[in-house]
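Inspection log for the structure reproduced underneath, given as structure tokens.
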Amino acid sequence: MDFKTVEAKWQNAWAEQKAFEPETDPKRAKFFFTVPYPYVSGSLHVGHGRTYAVGDVFARFKRMQGFNVLWPMAFHITGTPVLAISSKIADGDAATIQLHTDYVSVYESNPARVTQIVQSFGTDPWNVVNYYSGKLVHDFSRMGYSLDLSRQFTTGDAEYNRFVQWQFHTYKGNGFITQAAYPIPYCVRDKNAVGEDDIKDGDSDPVSVQTFVGFKFAYEDGFLVSSTLRPDTVFGITNMFVRPDATYVKASVDGQVLYVSQPFAEKMRLQNHDVKVLSDLKGADLLGKNCTTPLGKTVPILPGAFVEPDHATGLVHSVPAHAPFDLVALNELKKDAKWKSIVEKIEPIPVILAPGYSDVPARDLVERMKIANLKEKGKLDKATAELYKKEFYEGTMLPNAKQFAGMKASDAKEKMTEWLKTKGMAIDIFETSRPAQCRCGGQVIAAVMADQWFLNFNAAGWKEKATRCLSQMEIFPPLYRKQFEDVFAWLDKRPCARRRGLGTRLPFNEEWIVESLSDSTLYMAFYTVVKKIREEKIHAEKLTPAFFDYVFLGKGHADAQAKAVRAEFLYWYPNDQRHTAVAHLTNHLSFFIFAHAGILPPEQWPKAITLNEMVVSEGTKMSKSKGNVVSLNDIAENTGADLFRLYAITTADLGATLDFRAKDVDALRRRLNKLFSIWDEWTVLAKEQETNGKGKAKTVIGKSMTVTTDATPEKPLVRWMQSKFGSIIERSGTAIEKRALRDYAQTAFFEALNAAEHFATRATVEEKRHAARTLLQPWVKILCPLIPHAAEEYWEQSGGRGFASHAPWPTPKSYDGWKDEKTEAAEDFLMSVVSDIRTILPMVKKKPAKMTLIIASAQKRRQYADILKAETADQITGDSFMENFVRKRFYELKHAIAVDETAILTQSRAYLQTAFGVPFDIVEEDATDNPRKEKALPGKPAVYVE
RNA sequence: GGAGGGGUAGCAAAGCUUGGCCAAAUGUGCAGCGUUCAGGGCGCUGUCCCUUUGUGGGUUCGUGGGUUCAAAUCCCACCCCCUCCACCA
């Protein structure tokens, strides 16, 4: 069977007949299922493939259970990535053009057409969106996901924008939004905020904004401003370092005279300060003079060649006890005749004690790491990092820290900063985490947005509601609940708008675009109404806050249209299950809960979140740079949707990383082919007429399956098969209900396949026919969520009506009475005999000509039963063959089900003879004088090989 | 530092919630046999060590203790590895 043909056939059929586009139906229970929409910036990979495959199993199972399942999808385009693709192509960026040429080539064979499409990306970002969104649908469809594609939209659509504006309007009304200053990376040339994509090497070496504390050191008519990440060491300051050859300025900053490096004065203007440069000076001009620390201590100003004028304020205060750089610098100055006398008077002042260090830890490290001078920057950086970590987390303030003595260093850091700020001796200083350049060539610096908009998760009552919502939700795997609780506890404020990118304008401040995670938290509600809004031809301008207030909150008055739209929402909401990758937990999923809890009434709060872990390829993490990203299109093309889905579900639990290994996929392909060969055989058998002439198979017109009306031969093997399958069907369903998808797949696929293979080695054609008639369709059905294309194909071939995807999941009634423990025990017994024979055969060291199975006598059975009456194995004290045997397997034998050994072995004689290629005699112990007869035990016949 | 996950045979990976049918599923690798058998595929068998004309014995599930008639599984301590800690979507 060619998987591509079959998969395409059913994908087309589903699409043509709109198999997964549900309508509201008050008579049916609904199930509203969602997976986050994909971002439209290129190709989908196996990671998406796994998440959606897992989702699809849930959705399909619910559908077969009779729920009216809605699983829609849409496209996320908010923010800068799409713009970046477009602008880079417009700028002729070779790497970007190549990347997208490669990707488009997957779908287009004509090279001229590829070039044309890629070029079009450069002329309008919407061309990127429109092209790729179509391809994403294509990719998803090829995986057989049962998505409702009729509700597609992008986050840049006018209707969607109106929806998000309503959401933010409501947030504002609820008091969830605040405005405050906020530092961001900023390009001085573009005069705009920049993101990862705008910064050179920003993707491989991301740039963030660090907050330093600026200390004011009184100097002449103003203050020198030093910058530090470690304000907790303020009591240990011994001197100031300046770079002699650097240019500094004296400037009036917010009305106060400050001395900082010249570059920093410029940056300060963009950090929300009013800066007027008064005069220039060289670092050398400051040398030899004194300044006064924020604590009022007079210290000398010394030369520091290591000070970077381009980094922060270009002034560094010195804490030799705790900063390896400072200590080494001072040691070097001691060798300089000019500074020797001053420097020799400087003693390190210990302020923090950390376990494993002396009170001058910087010296410990310098000595241990054998750092000779300032040129050994690598070692110094390492020492600094190590000490910082150790002191911050484990350090305690020493008596030198005065009122802070005894405090943990991590606490003291905050308290001291606060204290110095209150005294007017400290300010916030912002700097980028590394020197960075914008793609336009301009310098990237840390700027401060004076009026950044924030979502305030600590706004009155919000967090409480979100926590309540979470507590009522099912979280699977359950271990992630704690993680949600932790995230909720420390969520504070989050910037929710940006100055650039695609998306929705803030309704109350249109210069701002709603940030890309913030515009995707309540949109599940939009899915429920978008179709009706379009049907009713309601234009975007009419989608006012009042309209949505009515639709989602039932507030105010409404016309017929709004009423119709609200009816859709009320039918589908709440979101019954949201499934996605674990990576989204700390942000998207948390915001999703907050958004719902903050805006909608409790009856519309989401019910469940299910999560799956990531995907790696051949044991290593996938990344573009390694070139080992497996695209979803590759999968559809080379692996096949059904095989991939089967692999993704059977190979790893939801909570475990999935390793995509070509070799394992191949192994699974062979198993899947085995399944198909059995289904092929069964399909043919099920259609055949009975051949024994006793009864006739009657094909019930319109019913899915032929039903045998003749008396079914009560063949034990058939009963065994039914018993196995009854249990398989039952456990498959309960496993999915319990979210244990791997168990489900193991049961419905592997366990069933193994049973069928075993059956096939033993069964006659009649028996197989019977199994085929009763078991093929239930089996196809329970595998439908997993391998839907194959399921449809065999469903059709076996006479199934409609889509297998719409067939009802087998009810308990349909396999009622199949369970037959005794028959299963009998088969187990037979297999244990076979296994015993196999153990014995190599030991007899001859080619067997005949075998005799000797069944234990009635007297032995009584004896055996008596022994088994013991409470524990230890109570069996004898040393007979039987006692020794029972003692060893006491607990296993105690629960064994007794079977009619003679009957089973006699019935199975033909099978045994075929399996071993020799004739078999079955005799009872009392009726023979075979030399091995006393080895016979109940449940374990003696074997005699001739 | 906080939170979470994990260490099982050559490798990968189940099992641990609910202790005993666990020398431990499954796949892969390796070996043998078979197959109208070039290869591949397919089928069967074996794959911790020892032993064997009889279905046996020994030692294993990171390390060390403990509970129990019984521990991969429960408890305690220790060692090692991995992931996440945001404003990038």
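Both backbone and side-chain heavy atoms feed into the values below; hydrogens, waters and symmetry mates do not.
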For [N], the Watson-Crick or wobble counterpart (both distances under 3.5 Å):
N: B/A77; value: B/U63
N: B/A86; value: none
N: B/C11; value: B/G27
N: B/G40; value: none

Name the nucleic acid region contacted by [X], choosing base, sugar-phosphate or nothing; use a 4.0 angstrom heavy-atom cut-off, strictly under.
X: A/A652; result: nothing
X: A/R481; result: nothing
X: A/L491; result: base
X: A/N587; result: base
X: A/H76; result: sugar-phosphate
X: A/L479; result: sugar-phosphate

Among B/C87, B/A89, B/G27, find the nucleotide with the atom closest to the side chain of A/S516.
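Looking only at heavy atoms from C-beta outward on A/S516, the closest nucleotide is B/A89.
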For residues A/F457 and A/F591, establish whether the separation of their ring centroids is below 6.0 Å.
yes
For this output row, return yes or no: ring centroids of A/F454 and A/Y182 closer than 6.0 angstrom.
yes
Which residue, A/T761 or A/K935, contacts RNA chain B at a nucleotide closer to its 5' end, judged by nearest heavy atom?
A/T761
Would you kindly compare A/Y944 and A/L668 by the position of their nearest RNA chain B nucleotide and give the one closer to the 5′ end?
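Residue closer to the 5' terminus by nearest nucleotide: A/L668.
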Whether the side chain of A/Y647 engages the backbone of A/R669 through a donor-acceptor N/O pair (distance < 3.5 Å, no angle test) should be reported.
no
Main-chain N/O of A/W453 paired to A/W512 side chain as donor or acceptor, under 3.5 Å:
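Answer holds: no.
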Taking the P atom in each of B/A25 and B/A72, what is the distance between them to the nearest angstrom?
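These two P atoms come out 15 Å apart once rounded.
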What nitrogen or oxygen pairs link the protein and nucleotides 29-37 of chain B at under 3.5 Å?
none

